[in-house]
Amino acid sequence: MSRKVLIDKVNIEGIRFYDEYRKNGGYASVEKAFKMSPADVVEEVKKSGLRGRGGAGFPTGMKWSFLAKPEGVPRYLVCNADESEPGTFKDRYLMEFLPHLLIEGLIVSSYALGSGRTYIYIRGEYAWIVDILEKAIAEAKSNNWLGKNILGTGFDCEIYVQRGAGAYICGEETALLESLEGKRGNPRIKPPFPAVKGLWDCPTVVNNVETLAAIVPIINMGGEEYAKIGIGKSTGTKLLSACGNINKPGVYEIDMTISVEEFIYGDEYCGGIANGKKLKACIPGGSSVPILPANLLLKTAKGETRMMTYESLADGGFATGSMMGSGGFIVLDEDQCVVRHTLTLARFYRHESCGQCSPCREGTGWMEKILQNIEYGKGKLTDIDLLWDIQRRIEGNTICPLGDAAAWPVAAAIRHFRDEFEWHVLNPDESQRRNYGLAHYADPLQTVTA
Ligand SMILES: Cc1cc2nc3c(=O)[nH]c(=O)nc-3n(C[C@H](O)[C@H](O)[C@H](O)COP(=O)(O)O)c2cc1C
Ligand code: SF4
């Protein structure tokens, strides 16, 4: 049974509201942190081994220690609540059901980083969660956890919620900062990194919702104790949002000591493949990470059991492994068509490309067109190699990682399921028949506005 330290209290009636949250130990980490120096709080986070939960898995304590501290210049903490990665909905769950956990984590983190104005940048579609967060902030403020001279420490802090307008690219930290400044959300060229020049050119830390919520148990139990949960460099617990062809879709907290097989088939988690079907493949970390066929998902290429850790999911590199990513665990059963699935993702990335760099702007559109042709039985065998060539030329050649995120799913689908691409080319009539009647796909090329 997985140890839970983040959502362990989620089923307590009324925990969403201040009184119940406080009665159940809420805000104790703020009291504890205020007895420590900001540098000591950063040190605890370093000891915990916490890695960013937004996708890249960068060590949080190290990121915090990079924050520049020039005299007389404000520093900012920005909470990334954009969560637009297909298959990922764990931050929504945290904010909707445990809003005070995030506010508590934000206060401690703001204190550690010296941020007197902290922002939550939230995707526009989460409108109802904005209300929940704003009510929680008001409750925290009226109970003196926010505002001026909090608990007599001399530390001032306000938290503001800013809604995005629904662009996936605004989850990329520098695009997010542009958007927060009121501009079009185009990623910036790095360096300089936000730790040196971030919001309004001031030193800024951008962290994911789950990362900042995890600061609460880290301070409560101490960094070293937190690091004892999990294995190796996968310390602590991780939230996973599981969806697709499984019996029990939902958000699960795991302690990264379980195997992928246990997560998929265990009654405590996904509860197996729906309708008694067989497992075909899975995207373990949100739409950007490589898809893995069942055999490589459950065992690594070396024949070892694949574990739900950062290291094990990545074992084998992209040739035979994948990534923890944002924790969006998407399961496909034996009836799913990988080409159709890859086309859906390609359409998403083409639509979400900000258009600043040509490999991403042009390449995502080309990949979508070629995939549509193949899926609809209008492709050629040479199109598969062309698709491979295009994704290879996008990867690593763009300003921000959205280009990579568009390329990796295509590369992995061809690498592991080339026979399905060939089947569509060699069976054009059957491919067209399978798609007949799907109105939104009926004349696919018309939907491309390249
Ligand atoms: C296209 C794109 C979209 C992203 N979307 C999100 C997002 O919705 N939420 C998030 O926390 N990080 C997202 N990221 C990662 C952020 O740029 C950044 O690495 C993260 O917020 C850092 O927080 P962490 O260190 O706590 O993980 C995205 C990155 C890219 C390239
Ligand atoms: S990679 Fe794509 S999304 Fe990122 S900056 Fe370039 S064009 Fe924009």
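Order of appearance sets the numbers: ligands from 1, and atoms from 1 within every ligand.
- Between the CG atom of Leu77 and the CD1 atom of Ile120 there is a distance of 9.5 Å, given to the nearest 0.5 Å.
- Scanning all protein heavy atoms for the shortest distance to atom 29 (C) of ligand 1 gives Glu172 CA, 3.7 Å.
- In the candidate list Met62, Glu85, Glu83, Lys63, Lys63 is nearest to atom 22 (C) of ligand 1, counting heavy atoms.
- Between Ala214 and Tyr226, the shortest heavy-atom contact is CB-OH, 4.0 Å.
- Those atoms of ligand 1 that come under 4.0 Å of a heavy atom in Gly52, given as number and element, are 24 (P), 25 (O), 26 (O), 27 (O).
- Listed by number with element, the atoms of ligand 2 under 4.0 Å from a non-hydrogen atom of Thr398 are 1 (S).
- Close approach of ligand 2 to Gly355 (heavy-atom distance below 4.0 Å) involves ligand atoms 7 (S), 8 (Fe).
- Taking the six-membered ring for Trp and the full ring otherwise, the centers of Tyr252 and Phe329 sit at least 6.0 Å from each other.
- The proximity of Cys400 to ligand 2, defined as any non-hydrogen pair under 4.0 Å, involves the side chain as well as the backbone.
- When only non-hydrogen protein atoms are considered, atom 8 (Fe) of ligand 2 lies nearest to Cys354 SG, 2.4 Å.
- Heavy-atom proximity to Arg53, at under 4.0 Å, picks out these atoms of ligand 1: 26 (O), 27 (O).
- Close contacts of ligand 2 with Ile399, meaning ligand atoms under 4.0 Å from a residue heavy atom, involve 5 (S).
- At the shortest separation from atom 1 (C) of ligand 1 among protein heavy atoms lies Tyr168 CE2, 3.6 Å.
- Heavy atoms only, all atoms of each residue included: Arg306 and Leu313 are closest at NH1-O, 3.6 Å.
- Remark: ligand 2 atoms within the under-4.0 Å shell around heavy atoms of Gly403 are 1 (S).
- In this structure, Ser84 is part of the shell of residues with a heavy atom less than 4.0 angstrom from ligand 1.
- When only non-hydrogen protein atoms are considered, atom 6 (Fe) of ligand 2 lies nearest to Cys357 SG, 2.1 Å.
- Counted within 6.0 Å of NZ on Lys183, heavy atoms from surrounding residues, nucleotides or ligands total more than 12; the atom is thus considered enclosed.
- The residues Glu31 and Arg22 are annotated as salt-bridged, a charged nitrogen and a carboxylate oxygen being separated by less than 4.0 angstrom.
- For Gly54, a nitrogen or oxygen atom sits less than 3.5 Å from a nitrogen or oxygen atom of ligand 1, counting backbone and side chain alike.
- Residues Glu172 and Pro187 approach most closely at OE1-CB, 3.5 Å, considering heavy atoms.
- Nearest protein heavy-atom contact of atom 20 (C) of ligand 1 is Asn80 ND2, 4.1 Å.
- Applying the 4.0 Å criterion to heavy atoms of Cys360 picks out, from ligand 2, the atoms 1 (S), 2 (Fe), 7 (S).
- When each atom of ligand 1 is checked for a heavy atom of Asn207 under 4.0 Å away, the hits are 23 (O), 24 (P), 25 (O), 26 (O).
- Those atoms of ligand 1 with a heavy atom of Glu173 less than 4.0 angstrom away are 16 (C), 17 (O), 18 (C).
- For ligand 1 and Pro401, the ligand atoms under 4.0 Å from any heavy atom of the residue are 31 (C).
- Taking all atoms of both residues into account, the shortest heavy-atom contact from Leu146 to Ile103 is CD1-CG2, 4.4 Å.
- Here the CD1-SG distance, from Ile330 to Cys243, works out to 5.0 Å after rounding to the nearest 0.5 Å.
- Those atoms of ligand 2 with a heavy atom of Pro187 less than 4.0 angstrom away are 5 (S).
- Judged by the 6.0 Å distance and 45° axis criteria, Arg123 is positioned over the aromatic ring of Tyr126.
- For a threshold of 3.5 Å applied to N or O pairs, the pair formed by Asn208 and ligand 1 contains at least one separation below that value.
- Considering only non-hydrogen protein atoms, atom 16 (C) of ligand 1 sits nearest to Gly171 O, 3.5 Å.
- Atoms of ligand 2 found under 4.0 Å from any heavy atom of Gln356 (numbered from 1 in listed order, with element): 5 (S), 7 (S), 8 (Fe).
- Ring pair Phe34/Tyr111 is perpendicular by interplanar angle, where above 60° counts as perpendicular and below 30° as parallel.
- Which parts of ligand 2 touch Ser353 is read off a 4.0 Å heavy-atom cut-off, strictly below it: atoms 2 (Fe), 7 (S).
- Using a 4.0 Å cut-off between charged side-chain N and carboxylate O, Glu311 and Arg51 make a salt bridge.
- Residue contacts with ligand 2 for Thr364 are absent, since no atom lies close enough (heavy atoms, distance under 4.0 Å).
- Classification of the Tyr18-Tyr27 ring pair by plane angle, with boundaries at 30° and 60°, yields tilted.
- Closest approach of Glu178 to Arg184, counting heavy atoms only: CB-O, 3.6 Å.
- Closest non-hydrogen pair, Asn220 versus Ala28, comes out as OD1-C, 3.8 Å.
- If you number the atoms of ligand 1 from 1 as listed, the ones under 4.0 Å from a heavy atom of Thr211 come out as 24 (P), 26 (O).
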